[in-house]
Amino acid sequence: ALPHDLAGRRVVVSAGGTREALDPVRYLGNRSSGRQGYALARVAAQRGARVTLVAAHTADLGDPASVEVVRVGSALQLRDAMRDAVRGADAVVMAAAVADFRPVAHAANKIKKGAADPPPLALTTNPDILVELVGAREPGQVVVGFAAETGDESGDPLHHGRAKLDRKGCDLLVVNAVGDGRAFEVADNAGWLLAADGGETELPSGSKALLASRVWDAVAARLRPRA
Ligand code: C5P
C-alpha cells in the first residue's frame, strides 16, 4: 500500500507538450506523451494529496482519478494556468515540455501556399515558467523541475543537471539521461534526482509510477510540518 504522507497537501503538476499556433490549423510543438506528468499526478492523489494537473497536449491518456485537470495549449496559457494553480500549493512539479519559442504572430486565417517563397517564420522566446514559479514561490513551497540531458565531453549528464538546477533555482531536478547513441542510452524513466541541498539520488530504471513515487518521497521530506 502507498503511504498517505501527502494527505492535507495541495500539489500542482504540469504535463505534456505545448503547442504554439502559427495559424488556426498549424503549430510548433514539442513531442511529449505526458505520461510522466500523469503518473506524478496519479501517485500524488493516491498518497492523499489534492492535485491539480495542468495538461498541455498529451497522448490519449485517461484523466487520473480524483485529480483536477486543467487543459492548456500554448506556453503562455500554461504559464497563466500555473500561476493560478500554484496559489496556496505545497509543491509544484514542472514535467511539461514547454516550447522554447513561439511564432511572433498568430495568423487569423490559414496561411496560404504562395507561388513564390515560403513565408518567413519569425519566432520569439517563451518565458521560462519554472524560473518564474521559483521567483514567485510562496514560503515553503517545494518546486521540482525536469531535465533531459546528454553527457558532455567529460561524459557526465549530472554536470549539466547540476548547472541547470542552479540556474533554475528549484529545490529538486529530475535528470533523465538521454542517449547520444553511446554510453548514455538509458530508459526514459531512469536518471537522477538532484537536490539544491546537495543530495543526489540515482533513479533506477523502472515504471513512470515508480519514478513518480521517488519524486514524491523527496518532496515529502522537504515539506514544512503541517500548520
Ligand atoms: O531548460 P530546459 O527546457 O531543459 O528545462 C526543463 C525544465 O524547465 C522542465 O521542468 C520544464 O517544464 C521547464 N521549462 C519551463 N519553461 C520553459 C522551458 C522549460 O518551465 N520555457
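Since the model is a prediction, treat every value here as computed from it, not as a measurement. Just so you know, ligand 1 is whichever comes first in the structure, and atom 1 is the first atom listed for that ligand.
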For Ser74 and Glu20, which I'm curious about, is there any donor-acceptor pair between the side chains at under 3.5 Å? no

Does Asp84 pair with Arg79 as a salt bridge, N-O distance under 4.0 Å? no

Look at Asp90 together with Arg224 and state whether they make a salt bridge at an N to O cut-off of under 4.0 Å. no

Run the salt-bridge test on Glu138 and Arg87 with the 4.0 Å N-O cut-off and return the result as yes or no. no

What verdict does the side-chain contact (heavy atoms from CB on, under 4.5 Å) test give for Val70 and Met82, after you've listed the backbone C-alpha separation in whole Å, the side-chain angles of each residue and the deciding distance to 0.1 Å? CA-CA 9 Å; Val70 178; Met82 291 302 288; over 6 Å; no

With the threshold set at 4.0 Å, does a side-chain nitrogen-carboxylate oxygen contact exist between Arg137 and Asp171? yes

For ligand 1, run through the N/O pairs with the protein that fall under 3.5 Å and put one pair on each line.
residue: ligand 1; atom: 1 (O); partner: Lys168; partner atom: NZ; Å: 3.0
residue: ligand 1; atom: 4 (O); partner: Lys164; partner atom: NZ; Å: 2.3
residue: ligand 1; atom: 5 (O); partner: Lys168; partner atom: NZ; Å: 3.0
residue: ligand 1; atom: 8 (O); partner: Lys168; partner atom: NZ; Å: 3.1
residue: ligand 1; atom: 10 (O); partner: Met94; partner atom: O; Å: 2.7
residue: ligand 1; atom: 10 (O); partner: Phe146; partner atom: N; Å: 2.9
residue: ligand 1; atom: 10 (O); partner: Phe146; partner atom: O; Å: 3.4
residue: ligand 1; atom: 12 (O); partner: Met94; partner atom: O; Å: 3.3
residue: ligand 1; atom: 12 (O); partner: Ala96; partner atom: O; Å: 2.7
residue: ligand 1; atom: 16 (N); partner: Ile129; partner atom: N; Å: 3.0
residue: ligand 1; atom: 20 (O); partner: Ile129; partner atom: N; Å: 3.3
residue: ligand 1; atom: 20 (O); partner: Leu130; partner atom: N; Å: 2.7
residue: ligand 1; atom: 21 (N); partner: Pro127; partner atom: O; Å: 2.8

